[in-house]
Structure formats: structure tokens, C-alpha cells
There are 2 protein chains.
Amino acid sequence: MNFTKTTEYAFRILSYMAKDESHLYNANELYENLKIPFRYLRKQLTLLSKAGLLISEQGKNGGYKIAKDLTTISLLDIVHATGANISGNACFFGFSNCALAEKCAIHDKWASIYENVNNVLISTNLAEFRKITNHEVLITNNKFINFKKD
Amino acid sequence: MNFTKTTEYAFRILSYMAKDESHLYNANELYENLKIPFRYLRKQLTLLSKAGLLISEQGKNGGYKIAKDLTTISLLDIVHATGANISGNACFFGFSNCALAEKCAIHDKWASIYENVNNVLISTNLAEFRKITNHEVLITNNKFINFKKD
DNA sequence: TTAATATAATACCTAAAGGTATCATTTATG
DNA sequence: CATAAATGATACCTTTAGGTATTATATTAA
């Protein structure tokens, strides 16, 4: 179970865009509000578009909006879109036949955690984020504070 | 919440050594059984020694054993020893004042997961691993299959 | 029809994690 | 004492995630 920074960015982007699903957000606007390094943000936006989570409109006055009904996009979908692998029920310790007859010492405990995480990711969809007003971003320990625009 | 490969290795090493707490394990023996790249394994063993989780004996017939009573070493101790940061109750999305008045949409859900993980790590100590017989290691998708000894 | 402003594509750079190589040091034992 | 067999220290290499730079393409509107 490993959530990368890129996955966190994707969560941040989509939860922000869920505030107004019909609005066309451009990279500048997202950058101003989300403080994700500008060029990396742009790259992620095109990837999220390719993954089918966003629709992009090119050209002047272009931008992005969420591609589907908010209720149909779960956090797990976002995790998958960013390529992060929430690795099944593999043994926490890397022991091979743990899942079988002989379980490792914390196998059951860990399995329950995993299920817990999975449930939250599956059962939480973007519609829940419509109500959020708090999108202030903390920028501590980011070496790339001086990321700037084009 | 990010468990690195190095942390997994440390879990694997210590849970294996917990089978016989008085036995002095040398790097070769651990390597044969745990299939961790030999030189990296050795590096980790010295780090775990410096961290106070292992006692090392140098020279011929030297090796390592667990430094303290098994009941006093929790999985969280191991996580900390490997430098992995189980990052407190920071917002899952990186929003700044999430923990305060205005919570993000999954703050409570995530906090409960976090607490769950934390509880397991704190409440599980190495003594639980005495009973394990299953330490077969699966070596799939390891690019360094041909790691060899000195 | 051209300039401005947006995204797309692609190649490249950087930092950190993971892994390797080399040499030094310690200790048991012949 | 010399040698073998273990760990310690340190420097370096490789892979990958994260981030940057450049050029191309699409769209609007003066």
C-alpha cells in the first residue's frame, strides 16, 4: 500500500475540480490554488485526461473538467489512474505462501487494515467533495517553492 | 503512510531472527533464507545494529542477534529504525488546515485508517513471530535475482 | 489572417531509494 | 603469528519518481 506524491496530486486536483463540475478549469487556475509545480501539474492533467477522468478542451479559453458524473469516480479509480499499485493481499513481509495455510504473525491484522483502506477508497466518490470549502494548501518542505509558470 | 522496501526487508529480517532469539545469525545464513540482495542485506544489518535493534559480533564466527527482549520491540520501532516516516495526522490530500475546524471530505475516514494501522504496528511485537514456521520467500519481479555473495 | 492563449508531445534533468564494489577492521583458530 | 571468516565504512552505480524545457498543435478573437 503505497500512495505516491503523484497520487496525492491527483486527489488534490480532482477534489478541487469537484467543487464545480461544469466549470472549465485551466492549468493556471489550478496552479494558483493547488500549488502543484506548474509543469508537472500540466503533465498530470493530460495524463488524467488520457485516463478518462478529465475532458480537456484545447485552444484559447481551453481547460479541463471532470469527465463523468461525480458519483461514478471513486478514490480507487484515481489511484488506479495514477498507476499506483495497491498491491492485493500479498504478505506484508514478502513471505510467499503466507496467504495459504500457514499465515504470518500479522497476516490477519494486516488483511483487515487493507480491507479497511480498500473500502474507504471504493466507497468514497467525488461527489462528497462538492461541499468542501477548505482547499488551502500547505507548502512546507517542498524544495520547488520557486516553481514558476511558462 | 509509506512502507518502503527497506522497511519490508527489516521486518523480514527481524521476524526471521525472532524464531530463535539467542542464536547468532550471520549475513550468509540470513541471505540464504530471506533472499535479500546480499550486500544490501549486510548494509541493513549494520544499520539495524546502529539503531539498537540488533547486536553484532565481529570477527570469525560473528553475526547478529536481536538486541532486546522480543516483547519490547514493536513493528513501529522497526518502521522508525528504517527511517520511514509514518506521517502523523496530516491531511491525506495535503490541504493545510484540514485537521482543524474545516475537515476535508474523507478526513475522518482516513484518520480512522491511520489509527488502525498505528494500533497494529504498536501492539504487534516480535514475540509474536516466535511461532512462525513459514519463512519461504517469493522472489517474483525482482530484477536482481542474480544478486550474489561477496 | 495573425496574435494570443490554451493544451499535447516529447525529451531531458534531478534527487532519492535501492543496490554494488572495494577496502578496512575484528576475532577465532590452526 | 598468519590466515580465514566474519562485520564496518565508504564510495559509487542504477532505477525510478518527480520535475523542467522545448517545440508543436488547437482555438478564439481582434
Side-chain angles (χ1 to χ4, degrees), chain A residues 2-10 12-13 17 23-32 34-51 54-65 67 79 82-85 94 139 141-150, chain B residues 2-10 12-13 17 23-32 34-51 53-65 67 82-85 94 139 141-150:
Chain A
N2 248 355
F3 297 106
T4 68
K5 206 161 191 176
T6 299
T7 301
E8 181 188 313
Y9 287 161
R12 215 190 279 178
I13 292 166
M17 292 175 72
H23 181 63
L24 202 64
Y25 297 87
N26 65 39
N28 273 288
E29 184 179 358
L30 293 170
Y31 165 73
E32 297 297 344
L34 302 180
K35 299 290 182 289
I36 296 168
F38 187 70
R39 292 190 152 98
Y40 198 61
L41 169 65
R42 297 242 327 248
K43 188 192 268 182
Q44 291 318 121
L45 288 169
T46 61
L47 289 179
L48 291 171
S49 301
K50 281 187 177 169
L54 298 181
I55 287 173
S56 77
E57 290 187 16
Q58 294 190 54
K60 193 171 178 179
N61 302 331
Y64 306 86
K65 63 183 171 192
V79 170
T82 59
N85 61 335
I139 334 183
N141 67 19
N142 187 334
K143 289 208 188 64
F144 303 88
I145 295 297
N146 49 353
F147 35 63
K148 31 184 221 310
K149 305 184 34 203
D150 264 343
Chain B
N2 246 356
F3 297 106
T4 69
K5 206 162 192 175
T6 299
T7 302
E8 182 190 314
Y9 287 160
R12 214 189 278 177
I13 293 166
M17 292 176 72
H23 181 63
L24 201 65
Y25 298 86
N26 66 39
N28 274 287
E29 183 179 0
L30 293 170
Y31 166 73
E32 297 297 345
L34 302 180
K35 299 290 181 293
I36 296 167
F38 186 69
R39 292 191 152 96
Y40 199 60
L41 169 65
R42 292 222 304 138
K43 189 191 270 185
Q44 290 319 120
L45 288 169
T46 60
L47 288 179
L48 291 172
S49 301
K50 281 187 179 171
L53 293 185
L54 298 180
I55 288 173
S56 77
E57 290 187 15
Q58 294 192 55
K60 193 170 181 180
N61 303 330
Y64 305 87
K65 62 184 171 190
T82 60
N85 61 333
I139 335 184
N141 68 19
N142 187 334
K143 289 208 186 64
F144 302 89
I145 294 296
N146 50 354
F147 36 62
K148 32 184 219 313
K149 306 183 33 204
D150 265 343

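- Going from atom CG of Leu24(B) over to atom C1' of dA28(C) covers 13 Å, rounded to whole Å.
- The distance between atom CG of Leu41(B) and atom P of dG8(D), rounded to the nearest whole Å, is 12 Å.
- Judged as a side-chain hydrogen bond (donor to acceptor under 3.5 Å, both in side chains), and not counting sequence neighbours, Ser56(A) has no contacts.
- Atoms OH (Tyr40(A)) and P (dT7(C)) sit 18 Å apart, rounded to a whole Å.
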- prompt: For Asn26(B) and Tyr31(B), what are the C-alpha separation, side-chain angles and deciding distance, and is it a side chain to side chain contact (heavy atoms under 4.5 Å, CB included)?
  reply: CA-CA 9 Å; Asn26(B) 66 39; Tyr31(B) 166 73; over 6 Å; no
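- Atoms OH (Tyr25(A)) and P (dT7(C)) sit 14 Å apart, rounded to a whole Å.
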If you restrict it to nitrogen or oxygen atoms, what contacts under 3.5 Å exist between nucleotides 9-12 of chain D and the protein, and what is each distance?
| unit_1 | atom_1 | unit_2 | atom_2 | d |
| --- | --- | --- | --- | --- |
| dA9(D) | OP2 | Lys50(B) | NZ | 3.3 |

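- Of the two residues contacting DNA chain C, namely Thr6(B) and Leu45(A), the nearest-nucleotide position lying further toward the 5' end is that of Leu45(A).
- With rounding to whole Å, Lys65(B) atom NZ is found 15 Å from dT7(D) atom C1'.
- Atom CG of Leu47(B) sits about 14.0 Å away from atom OH of Tyr9(B), to the nearest 0.5 Å.
- In this structure, a donor-acceptor pair under 3.5 Å is absent between the side chains of Ser49(A) and Thr46(A).
- Atom C1' of nucleotide dT7(C) and atom CG of Leu48(A) are separated by 14 Å, given to the nearest angstrom.
- Taking each heavy atom of Arg42(B) and Tyr64(B) in turn, the nearest pair found is O-OH, 4.5 Å.
- From Ile36(B), atom CD1 reaches atom NZ of Lys5(B) across 10.5 Å, with rounding to the nearest 0.5 Å.
- When rounded to the nearest whole Å, the span between CD of Glu8(A) and P of dG18(D) equals 10 Å.
- Rounded to an integer number of Å, the gap from CZ of Arg39(B) to C1' of dA6(D) is 14 Å.
- Scanning for side-chain contact (heavy atoms from CB on, under 4.5 Å) contacts around Leu24(A) gives Glu57(A), Lys65(A), with sequence neighbours left out.
- Within the 4.0 Å cut-off from OP1 or OP2 of dG8(D), at least one side-chain nitrogen or oxygen of Ser56(B) is found.
- Not counting sequence neighbours, Gln58(A) has no partner by the side-chain hydrogen bond (donor to acceptor under 3.5 Å, both in side chains) test.
- Tyr40(A) pairs by the side-chain hydrogen bond (donor to acceptor under 3.5 Å, both in side chains) definition with Thr6(A), not counting sequence neighbours.
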Interface polar pairs with nucleotides 4-6 of chain C, N/O, under 3.5 angstrom:
| unit_1 | atom_1 | unit_2 | atom_2 | d |
| --- | --- | --- | --- | --- |
| dT5(C) | O2 | Lys60(A) | N | 3.4 |

